[in-house]
Amino acid sequence: MAAAGNEKLPDLREIRNKCRNDIERCLNEFQGRKDIVLDPELMKPLDRITGGAAFLKENGVDKIFKLDRADKQTKLVGCDRRVYLVKAKINIMKIIADHISSEQSRGEYRKYRIVMVPRRLFLCEMILEQEGVLGHCELDEADLNLLPLDTDILSMETPEFFKSFYLDNDMTLLQTVSKSIQTIQGFMGEIPNVYCLGRAGKMCHELLKQMSGGDRLIEPDYTRSQIGHMFLIDRGIDFVTPLCSQVTYEGLLDDMFGIQCGCVEFGKDVTQKDQPVKVRLSSEDEMYDAIRCRHFTNVFDFLKSKAQDLQSVSDKRKNFTKVKDMKDFVANDLRKLNQSKANLTYHIGACEQIIKKKNKGDFQEYMQTEHSLLEGTAFRENLNYIEECINKQNPLMSNLKLLCLMSLTNDGIPGREYKSLKTQFVQSHGFEQVLTFHNLKKVGLLREQEVTSQSLVSAGVAAFTRNSSFKNLRKRLNLIPSVDVDLRSPCDMSYVFSGAYSPLSCKLVEQVLQREGFLGMEEITKHLPGSVHSEVKLQTPGKGTKGMSNQPGRAARVVLVYFIGGCSYSEIAALRFLGKQTGYKFIVATTSIFNGNTMLETVIEKPAL
């Protein structure tokens, strides 16, 4: 395979600037001083795009309010113009309608402008009309469909997509995904080679073609293409990977502290400060860039060596004999040195908290069970461990993840065991979890095994009547490495799960790139839920394909992988590793970045308050 090249990734800042300009337009078209009411879910993305409150002030905003979804009667005191910047949701429209109606009943009359994100929906207009306030509002939309979180990551920051699509079967947001791809192609040229995996992938590609004018007679000009390949991956083809425990540093940060919109908030236990500290995580921080994708066991030694390097730089001040040398140090190096020291302190503190958490409870036994489920071994022992965890009332999410993994890796749980586990889980965690099991079954994460003939029982172990799809995929894609993986100097992407498992989604990307399509992968793709589809217009230079001279060599090595339904930091780390091994440059786009906990939280039933 080719070694990694020196080419740079396409610049994603243009996409951020487009979002910023769209917000600026929405504000400036509503002339004069105005207040703004922000949807809480948009506050972090807006901060990421604009840089904060200063941008809003520059564009005529007087006061900034946070939309209180719990209290429809919140009284907002401000000027005679108000902008609502909100997600296009029915419940939010009803809250806004209540605001307007209650203010008018008090004799307060304002001009209102409702800016819907990511697009204006007719259903929302209908709600405003039914509530009798549509005539008092100006309506607009802000096309904030993708946010650049780093040089190689784009996210819609729409975690509700998972529940909406997989549980509620709502296709509305697929149009937003397709529009976001259109935005990427608007800046970086049309992408010649497209590979769709799963139902959502193919649907988005069809929508994209409709937006682009359907069947065009003239072949697009690919000479301006900055991206050679695009994968549209339905999350449903691989629910296993996000349920696995993350062990890269970035993944553990997300699991333990929660990374939102590319930022993490550290508390006193990490920073030793009374107020929480928000840290932006990106490749601009050289220290973080060096450790983010490492296996956690390889992080602390790096931080220790970095601390020694910073101490050496700091000690140089003692040797200054000239005022000019000290002046240059203060002007050029001191600020960077202090920032590096602060970041080092935060990362060391975070590592200490992660270690404390991992040393509590039965973490090693949990990981051993997880790996055993992935390998398809020791079914009875795994079952006994899960029952023990449920009856000990271990955290609900941990228990659910193991149950879902057992189901996914075996094409369901045998009927007798499923009924027993469900009964014990409901008794341990509350009767509302009956609805959780219903939701998980509907999504496809947890279900009773379908038996086509009489089950056999031998030595007290359930014998399955057919091979599971995951078992076949595991074998044909070599998802479980046959040799030990050096976690400090890995040679296989399975290092992101301690050498126990290679992410299925990333393995599929690797195989398709090697074959430049799905040809020869029939024995693999037939075990994937949903269909696969590809449109290959130009192949990599050197394959002897007609028309390949139209595709710049640099673009041919750039790959956009779009996860429709969300992805984890472990998958991002695996794709970065694959890029280093093969010479490809990967851009990851997704509806949201999540982990096993945050994915399941969207579909579980919450206890009644």
Side-chain angles (χ1 to χ4, degrees), residues 7-27 41-52 55-56 59 85 87-88 115-120 140-159 161 173-192 194 204-205 207-208 211-212 220 222 224-233 259-263 280-284 552 554-555 558-564 566-567 572 575-576 579 585-593:
E7 301 94 346
K8 292 183 179 180
L9 284 164
D11 192 348
L12 304 182
R13 287 177 295 183
E14 291 180 337
I15 296 175
R16 183 194 65 191
N17 292 339
K18 173 189 173 298
C19 295
R20 181 186 175 98
N21 292 339
D22 210 26
I23 295 170
E24 193 170 23
R25 174 194 61 78
C26 291
L27 292 175
E41 291 184 9
L42 291 176
M43 296 185 82
K44 284 185 173 64
L46 189 65
D47 184 53
R48 188 84 186 192
I49 294 167
T50 64
F55 170 84
L56 298 176
N59 286 277
L85 183 62
K87 287 200 170 184
V115 181
M116 301 183 203
V117 175
R119 63 191 178 101
R120 180 173 166 178
D140 201 351
E141 64 182 14
D143 189 16
L144 312 182
N145 49 44
L146 276 179
L147 305 180
L149 302 184
D150 208 337
T151 56
D152 61 349
I153 301 177
L154 292 161
S155 175
M156 280 174 52
E157 292 299 289
T158 310
F161 181 97
L173 286 169
L174 289 181
Q175 197 270 355
T176 306
V177 173
S178 301
K179 186 72 182 296
S180 70
I181 299 168
Q182 192 177 49
T183 298
I184 294 172
Q185 293 191 141
F187 286 108
M188 300 178 189
E190 192 145 354
I191 302 169
V194 181
C204 284
H205 188 227
L207 278 170
L208 180 63
M211 291 177 184
S212 303
Y222 294 115
R224 63 181 289 265
S225 299
Q226 298 182 51
I227 300 173
H229 308 269
M230 174 169 65
F231 287 81
L232 299 177
I233 301 179
I259 300 175
Q260 294 186 327
C261 212
C263 295
R280 179 171 289 193
L281 305 173
S282 74
S283 55
E284 293 177 2
R554 174 171 173 257
V558 179
V559 183
L560 172 67
V561 181
Y562 204 130
F563 289 92
I564 304 168
C567 76
I572 295 173
L575 288 174
R576 285 172 176 155
K585 299 288 185 179
F586 286 96
I587 299 173
V588 177
T590 179
T591 51
S592 66
I593 302 177

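Atoms considered below: every heavy atom in the structure, side chains included; atoms not considered: hydrogens, waters and symmetry mates. Numbers for residues simply follow the sequence, beginning at 1. Small disclaimer: the values here were computed from a predicted structure and weren't measured.
Judged by distance alone, the side chain of Arg20 and the main-chain N or O of Thr50 form a donor-acceptor pair under 3.5 Å. With hydrogens and angles ignored, the 3.5 Å screen pairs a side-chain donor or acceptor of Arg48 with a backbone N or O of Cys261. Side chain of Ser225 to main chain of Glu190: a donor-acceptor pair is present (N/O by atom type, distance under 3.5 Å, no hydrogens or angles). The backbone N or O of Asn145 lies less than 3.5 Å from no partner atom in the side chain of Ser180, so there is not a single donor-acceptor pair.
Scored by the ring pair (Phe, Tyr, Trp, His ring centres under 6.0 Å) test, Phe161 finds Phe165 as partners (sequence neighbours excluded). Scanning for ring pair (Phe, Tyr, Trp, His ring centres under 6.0 Å) contacts around Phe231 gives Tyr195, with sequence neighbours left out.
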Please test Gln185 against Ile191 for side chain to side chain contact (heavy atoms under 4.5 Å, CB included), starting from the C-alpha separation and ending with a verdict.
CA-CA 7 Å; Gln185 293 191 141; Ile191 302 169; 3.6 Å; yes
Between Leu46 and Leu85, is the side chain to side chain contact (heavy atoms under 4.5 Å, CB included) condition met? List the steps.
CA-CA 10 Å; Leu46 189 65; Leu85 183 62; 4.0 Å; yes
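Residues Ser283 and Asp150 bring a donor and an acceptor atom of their side chains to less than 3.5 Å of each other.
Using a 4.0 Å cut-off between charged side-chain N and carboxylate O, Glu41 and Lys87 make a salt bridge. For Arg25 and Asp22, the salt-bridge test passes: some basic side-chain N is under 4.0 Å from an acidic carboxylate O. In summary, Asp143 and Lys179 engage in a salt bridge, as defined by a charged side-chain N under 4.0 Å from a carboxylate O.
What you find for Ser592 and Ser155 is that their closest heavy atoms are CA-OG, 3.7 Å.
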